[in-house]
2 protein chains.
Amino acid sequence: MLQLSKKVEYALIALRHMAMNSHGHVFTAKEIAVKYNISYELLAKVLQKLTKSGVVVSLQGMHGGYTLVKRPDQVQISYIINVIEEEKPTIAECYAEGGEDCSLFDACTIRKPLEKVQHNLNLLFEKTTLEQII
Amino acid sequence: MLQLSKKVEYALIALRHMAMNSHGHVFTAKEIAVKYNISYELLAKVLQKLTKSGVVVSLQGMHGGYTLVKRPDQVQISYIINVIEEEKPTIAECYAEGGEDCSLFDACTIRKPLEKVQHNLNLLFEKTTLEQII
DNA sequence: ATAAATACGACTGATCCGGTCTTATATTAC
DNA sequence: GTAATATAAGACCGGATCAGTCGTATTTAT
């Protein structure tokens, strides 16, 4: 209930791992997976998404891997979630992309008042950056 | 992602409905279900949980139904979630009951720092009461 | 050429969740 | 005392989601 997905957790763990160590260092998906006892394949996919979104940069081939290229204080948790889930974190369908087709939409009486809660949740995830979890 | 369940939404809609109208009035599950286009059986189960937890009182038999018996400003959203889901709203397994057996638990490096986010989420749902959604 | 790494899509098994159905019980109206 | 109307509660089902796996292609250093 209300929980972040494993993928997001793995992203945060991996990014934290990179942020902890010297900038410019290259980490392989495998070494991170082993270190934290995580499914290698799943972590790899997560890192690929982070690559596409520009949070890390990947080097292919032997001696390849991933490097963090953003300052930890510039990486918001909300952004990570957005990248991995491909949608914003919302407390109800109606606040998401295309939320108008929630079955309740027309009769819904709590959408307006809960907007404030959604807004505060947004703020919470926006103000929390990678730096805070180092 | 991070969304409240339909059951919680239905609870909030129903409770709001009751809170809007005069105190002491008895509402049937059916009339609420019809009014908001909600599955009657599901709503009924939700109301039964709210009855067990003392938020509403039920009257069985003909002319029966449910009555709100708590002041709207005394009913926290966090409490409703807790009652309906039978667990606290958490952003990760480790913050829930028996969270120690998350597969990541020992190697997890983000539990401690994310505690603050979890705490803020708790505050958010605690400070939001039924009154705010009327 | 080979080894080691990322890239990416397809597949699977388990779990969860919204919704339904059925039966029992309580209360009122007649 | 029977019928009608309500709550109470448990079992069941189908679809969706998700964590995790597998297979294959591609890139690059040695």
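As a basis for the values below, the full set of heavy atoms in this structure was taken, side chains included, without hydrogen atoms, waters or symmetry mates. Convention: sequence-line order gives letters A, B, ...; per-chain numbering from 1.
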Inspect the surroundings of NZ in B/Lys6 and state if more than 12 heavy atoms from other residues, nucleotides or ligands are less than 6.0 Å away.
yes

If hydrophobic residues (ILVMFWY) are linked whenever their side-chain heavy atoms come closer than 4.5 Å, directly or via other members, who joins A/Val26 in its cluster?
A/Leu59

Count I, L, V, M, F, W, Y as connected when their side-chain heavy atoms are under 4.5 Å apart, and connections chain through other members. Are B/Met18 and B/Ile134 then in the same cluster?
no

If you apply the rule side chain to side chain contact (heavy atoms under 4.5 Å, CB included), what do you find for B/Asn21 with B/Phe27, and how did you get there?
CA-CA 10 Å; B/Asn21 294 275; B/Phe27 301 90; 3.5 Å; yes

When rounded to the nearest 0.5 angstrom, what is the spacing between CD1 in A/Ile81 and OG in A/Ser5?
8.5 Å

Which atom of B/Thr28 lies closest to which atom of B/Gly64, heavy atoms considered:
CG2-O, 3.5 Å

What is the first contacted nucleotide of DNA chain C and what is the last, in 5' to 3' order, if contact means an atom lying under 4.0 angstrom from a heavy atom of chain B?
C/dG18 to C/dA29

Considering every strand and a 4.0 Å limit on heavy-atom distances, what is the contact class for B/Lys52: base, sugar-phosphate, or nothing?
sugar-phosphate

CG/A/Leu4 to CD1/B/Ile110 distance, rounded to the nearest 0.5 angstrom?
8.0 Å

Apply side chain to side chain contact (heavy atoms under 4.5 Å, CB included) to A/Phe125 and B/Val117, showing your working.
CA-CA 8 Å; A/Phe125 283 124; B/Val117 176; 4.0 Å; yes

Just to be sure I understand the geometry, which residues of residues 56-65 of chain A put a non-hydrogen atom under 4.0 Å away from DNA chain D?
A/Gln60, A/Gly61, A/Met62, A/His63

Could you give all pairs that pass the side-chain hydrogen bond (donor to acceptor under 3.5 Å, both in side chains) test and reach residues 97-118 of chain B, with sequence neighbours left out?
B/Gln118-B/Asn122

Mind checking what makes side chain to side chain donor-acceptor pair (under 3.5 Å) contact with B/Gln3, not counting sequence neighbours?
A/Thr90

Contact check, residues 37-48 of chain A vs DNA chain C, heavy-atom distance under 4.0 Å, returns A/Tyr40, A/Lys45, A/Gln48

Rounding to 0.5 Å, atoms CG (A/Leu130) and CG (A/Leu15) come to a distance of 5.0 Å

With each end axis built from five pairs of C1' atoms, what bend angle do you get for the helix from C/dA1-D/dT30 to C/dC30-D/dG1? Round to 10°.
10°

Restricting to side chain to side chain donor-acceptor pair (under 3.5 Å), what partner residues turn up for B/Glu31, sequence neighbours left out?
none

Show the numbers, then the answer: is there a side chain to side chain contact (heavy atoms under 4.5 Å, CB included) between B/Leu104 and A/Ile13?
CA-CA 10 Å; B/Leu104 292 176; A/Ile13 288 175; 4.0 Å; yes

Using the side chain to side chain donor-acceptor pair (under 3.5 Å) criterion, which residues pair with A/Asn37? Sequence neighbours excluded.
none

Below 4.0 angstrom, which residues in residues 83-101 of chain A have at least one non-hydrogen atom near DNA chain D?
none

Does A/Tyr79 have A/Lys70 sitting over its ring (NZ/CZ under 6.0 Å from centre, angle to axis within 45°)?
yes

Point-to-point distance, once rounded to the nearest 0.5 Å, from CD of B/Glu85 to CG of A/Leu2
8.0 Å

At a heavy-atom distance below 4.0 Å, which nucleotide of DNA chain D is the first touched by chain B, and which is the last?
D/dT5 to D/dA11

Residues at least two apart in sequence or cross-chain that pass salt bridge (charged side-chain N to carboxylate O under 4.0 Å, His left out) with A/Glu86, listed by chain then number, are A/Lys49

